[in-house]
Each structure stands twice: as structure tokens, then as C-alpha cells.
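Only heavy atoms go into these numbers, but all of them, side chains included; no hydrogens, no water, no symmetry mates. Numbers for residues simply follow the sequence, beginning at 1.
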Amino acid sequence: MKNLLFFLGLNCFLIACGGGNNSNSDENPEGQEQVLNGGGVSSFTKVQPMTGIVVWDGNPNANSGAHTLEYSYMLFEDVVSEKGVYDWTVVEDKLNDIASRNHQAILRFRYTYVGQKTSVPKYIKDLPDYHETQGISEGRETWFPDWSHQELQDFTLEFYEKFAKRYDHDNRLAFLQVGFGLWGEYHIYDGPFALGKTFPSKEYQILFLNRMNTTFTDLHWSISIDVEDGNVAPFRDNPSLLNLSFGLFDDSFMSEEHATVNEQRFKFLELETRYVNNPVGGEFNYYTDYDQQNVLSPNGPYGESYESFIKRFHTTYMIGNDQYKYQSLDRIKEASIHTGYKFEVTKFVKSDKKSLLTVRNVGTAPIYYDAYLSINGNKSTASLKTVLPNEEKEFTINYDGNEDLVISCDRLLKGQTIDFKRSF
């Protein structure tokens, strides 16, 4: 009798404490369906498309698995030699070569390069009243365009209009960098700087920037943070230019004077609001070999790590072509993975024939092209590009099937995929 009473008492205790087979009732409230969808990763082991450490397209390590982006300078004269005649073969070959490695391109057309002649088209150079300036930059003989000539001004505007018409929606191209002066980096810090002659006048720069803003509707274009310099660029005189939709690149990232010079330029260019819709990138500085050697060291070259820098500056990409001289593939890949957007799906509920998902961006920047959560071709009603770093948002898919959950993005190359961490 004692054993029978003990058994009955134990059974009542288990029922009162939720024992038995009733545990699913809390996990699947009335009206909700069980989530059976596959998809996602347990941790990020791949560099996400359009992010990370960037190498030049000729780097032998470009296909190492640590990169999704490749960079290249381009020359205007390679596309145009006769007035009005455009041959895009060199651009097509470049984009196709980079895409053959399942990577996307960052391009920058430049007129001026230390130690070289300009890339101004031949038909302009042959005009009798066009006169370039020959000078010394970094101890080398260098040529500078004649920005006083109307034909060069008109051609530059026309070039980017035709480029946009052809490549604005081209998924082989991730980002475009533009600018004037040495390397197109918006300065002539060493050489014959003269507004309106060796460098475009501020009036022309205003025209150019406004035209770029209306010409490109999809492809993101960026300019150097050196446009903050009021002696060179028109932004301080015309702060309304800050309303234009351009991204930023910093060609001396993590330099010793970054806090006193570069960071102040980012502040003037309204980094904290600009990065929301426009990409921020750059290049590790070449001021010293020490800097290049230590940018990916645990504490960086001057006491702050790369991971800390890119979090503060909301960086999407960083050119680091020489890093294989100093760092292992594993370290470069690790830095790439930490750069740019990364999505984590933290909640997935099905109810009333809909899939309701919560997504957190655990990366350093947004994604800058539309991307959608998708099940069996049914996309979320809003784009993931609205999710900022450390932000969480809810998304709805008007479909509740059990096929894999994926992220779709029309800007990707065939075969590229965007991962998400599965935390539901």
C-alpha cells in the first residue's frame, strides 16, 4: 500500500511540474506552425560578397578564399582615343577576368599618376590650345591635365554618363571610386597644384559632383575624404554638397595621424549619417613599412586594432594588397570576414500563412544593395539593407512553406551567396 501511494504522489508531482508529453505546447502556441526550414550557418566561415580585404586584380593571392572584391585603376585613354568613339573592351576584359574568380570589382579611373603621363584621350592632347603641365612629384617627372580646357571638362562628364548607362546595374561591379589629382585621390600634395589648371576649378567640381549624383542610380560611387580640404574642394564653401549621395574612401587608413587628420575629415563629411546609405572603404596607408606590417597586428600599428577601427568607421571594404608579405592567409581571411555586413536570424515564427523573422546585423556596416530573406522564391516585404550594425528588425515573408530560408540579392554574381547565422 505504501508503494502504491508513493507512485500516485510522484505521478501527480510530474503532471503539476509539466512532465509527460506536453512540452511542445509552449513551443508551438495556437496558430503557429513548427519551423522545419533549412538554411543558414552556425558561424561565419566565408567572406560575404562585396565586403572584406581587397587585393588588386593581378595579385596571385586573389583567389585564396580571403577575398570577394578586387581593385583596379583604369585609364580614360584605353576607352576613348577619338572624339565620341568609345571602346569598352578593356573594361569588359577586366570585369570578366575578375568575375571568373567569382569576385566583383572596385574600379577607379584616373588621369594622373606619379612618374607617368596623363591618361587624357589622344584627341584632346592633340588640340592646339590644350597644354598639360610637366612637373616633379615624389621626385619623379609627372604630367598633369589641362583643366582649363573645355573639351577635357566636357569629355569627363560625358564619359561617366556613358559609363553609367552601360554599367550602373552591372553585377560584376560592386563600387566605383572617382576623383581628381594624383591617383584620383583628390589632392596634389607634391607637385604643381593650381585650381583651374592642374586641378579642376571648384565651379567645375560642383558641376561634376551634381552630375554624378543624378547619373548613377544603382552603382555606389565614392570620393576621397580629402575633399574636406577647403583649399582643394568646394564642400566647405558649399555645404549643401554634403546632401549628395556619395560614399567615402580613406587612402591612408590607420596612419599615425589618423585621429587628428582623417577622423576630423570623416566628421566633416558626416560619417555617422552618410554610412547608412553609402559605403565607406579605403586602403591601408603606405606612409611607412612599419604601418603596412602592423595594420593587422593585434593592436594595430598605434595601439588600436583593425577590428576596432572598422567598427568605428563602419567600413565595408579595405584595400590591403601587400598584406600577404606580412600576415598569414588565416589572419587576412579573419579580417575580411569581420569587415562589412553580417546577418543573424534570431527568431523565426510561422503564423497565419506567413513567416515572421527577426534579423540582427552583427557586422560593421549595412549591405548597400537590396537583399531579401526568401523561401522558395517568396521574398520578404522589406530589404535587409535597412538593418544597420547592432540593429535588429522584423521581416515578413507572405509564405510559410518548409523550403530552405536563403538571402537573395540581384547584385550578386551567379554562384555567390550571402550567409546568415542561424540562431532560432
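- Put simply, CH2 on Trp143 and OG1 on Thr112 are 12.0 Å apart, with the number rounded to the nearest 0.5 Å.
- Open room surrounds CG on Asp410; 12 or fewer heavy atoms of other groups in view lie less than 6.0 Å from it.
- Judged by a 6.0 Å distance limit and a 45° cone about the ring axis, Arg312 is positioned over the six-membered ring of Phe309.
- Annotation: Trp88 is in aromatic contact with Phe159 [ring centroid separation under 6.0 Å].
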Would you check, one step at a time, whether the test salt bridge (charged side-chain N to carboxylate O under 4.0 Å, His left out) holds for Lys385 with Asp370? CA-CA 6 Å; Lys385 73 178 183 179; Asp370 280 321; 3.6 Å; yes
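- With a 6.0 Å radius and a threshold of 12 heavy atoms from other residues, nucleotides or ligands, Glu270 has its CD atom above the threshold.
- No side-chain N or O of Thr381 forms a donor-acceptor pair with one of Asn398 less than 3.5 Å apart.
- A cation-pi geometry, defined here as NZ or CZ lying under 6.0 Å from the six-membered ring centre and within 45° of its normal, does not hold between Arg108 and Tyr71.
- The environment of NZ in Lys125 is crowded: more than 12 heavy-atom neighbours from other residues, nucleotides or ligands sit within 6.0 Å.
- Remark: aromatic rings of Phe249 and Phe175 are distant, center separation not under 6.0 Å.
- When each of Asn61, Val295, Leu329 is checked for a side chain to side chain contact (heavy atoms under 4.5 Å, CB included) with Gln323, only Val295 meets the rule.
- Side-chain polar atoms of Thr89 and Asp87 form a donor-acceptor pair below 3.5 angstrom.
- A donor atom on one side chain and an acceptor atom on the other are found under 3.5 Å apart for Glu158 and Tyr86.
- Asn262 and Ser252 share a side-chain donor-acceptor pair at under 3.5 Å.
- Here the options are Leu152, Leu75, Leu182, the test is side chain to side chain contact (heavy atoms under 4.5 Å, CB included), and the partner is Tyr111; only Leu152 passes.
- Ring-centre distance between His103 and Tyr317: not below the 6.0 Å cut-off.
- In this structure, the separation between CG on Asp97 and CZ on Arg172 is 11.5 Å, given to the nearest 0.5 Å.
- Counting non-hydrogen atoms of other residues, nucleotides and ligands closer than 6.0 Å to CD of Glu82 gives a total of 12 or fewer.
- Checked for salt-bridge contact, Asp218 and Arg411 meet the test: a charged N lies under 4.0 Å from a carboxylate O.
- For the side-chain hydrogen bond (donor to acceptor under 3.5 Å, both in side chains) with Glu228, the lone residue among Gln264, Arg236, Lys267 that qualifies is Arg236.
- Between the side chain of Asn213 and the main chain of Ser245, a donor-acceptor pair closer than 3.5 Å is present.
- Atom OH of residue Tyr369 and atom NE2 of residue His220 lie 5.0 Å apart, to the nearest 0.5 angstrom.
- Between Phe268 and Phe235, the ring center distance fails the sub-6.0 Å criterion.
- A side-chain donor from one of His258 and Asp250 sits under 3.5 Å from a side-chain acceptor of the other.
- The side-chain heavy atoms of Val35 and Leu405, taken from C-beta on, include no pair separated by under 4.5 Å.
- For the side chain to side chain contact (heavy atoms under 4.5 Å, CB included) with Asp291, the lone residue among Tyr302, Tyr286, Phe284 that qualifies is Tyr302.
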Take Arg331 and Glu307, measure what salt bridge (charged side-chain N to carboxylate O under 4.0 Å, His left out) needs, and give me the verdict at the end. CA-CA 12 Å; Arg331 173 59 183 131; Glu307 282 77 7; 2.8 Å; yes
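- Using modelled atom types and a 3.5 Å distance limit, the side chains of Glu92 and Tyr167 yield a donor-acceptor pair.
- To the nearest 0.5 Å, atom CD1 of residue Ile124 and atom CD of residue Glu77 are 11.0 Å apart.
- For Ser148 and Asp146, the side-chain atoms include at least one donor-acceptor pair closer than 3.5 Å.
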Going through the checks in order, is the salt bridge (charged side-chain N to carboxylate O under 4.0 Å, His left out) test met by Asp170 and Arg166? CA-CA 8 Å; Asp170 196 315; Arg166 187 177 181 97; over 6 Å; no
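- Atom CZ in Arg360 sits 7.0 Å away from atom OG1 in Thr346 (nearest 0.5 Å).
- Checked against the 6.0 Å centroid threshold, Phe180 and Trp147 count as a close aromatic pair.
- For the side chain to side chain contact (heavy atoms under 4.5 Å, CB included) criterion with Gln177, the lone passing option out of Leu107, Asp251, Leu248, Ile106 is Ile106.
- Between the side chains of Glu344 and Ser423, at least one donor N or O sits under 3.5 Å from an acceptor N or O.
- In this structure, the separation between CD on Gln153 and CZ on Phe208 is 12.0 Å, given to the nearest 0.5 Å.
- In this pair, Phe199 and Tyr186 present their aromatic rings perpendicular. The plane angle is above 60°, beyond the 30 to 60° band.
- Side-chain contact check for Lys350 and Asn37: at least one donor-acceptor pair (N or O, by modelled atom type) lies under 3.5 Å.
- If you check the side chains of Lys311 and Asn390, you find no donor sitting under 3.5 Å from an acceptor.
- Using modelled atom types and a 3.5 Å distance limit, the side chains of Thr339 and Tyr306 yield a donor-acceptor pair.
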After noting the C-alpha distance and the side-chain angles of Tyr113 and Tyr73, does the key distance pass the ring-ring contact (aromatic ring centres under 6.0 Å, His included) rule? CA-CA 10 Å; Tyr113 199 101; Tyr73 284 114; 5.7 Å; yes
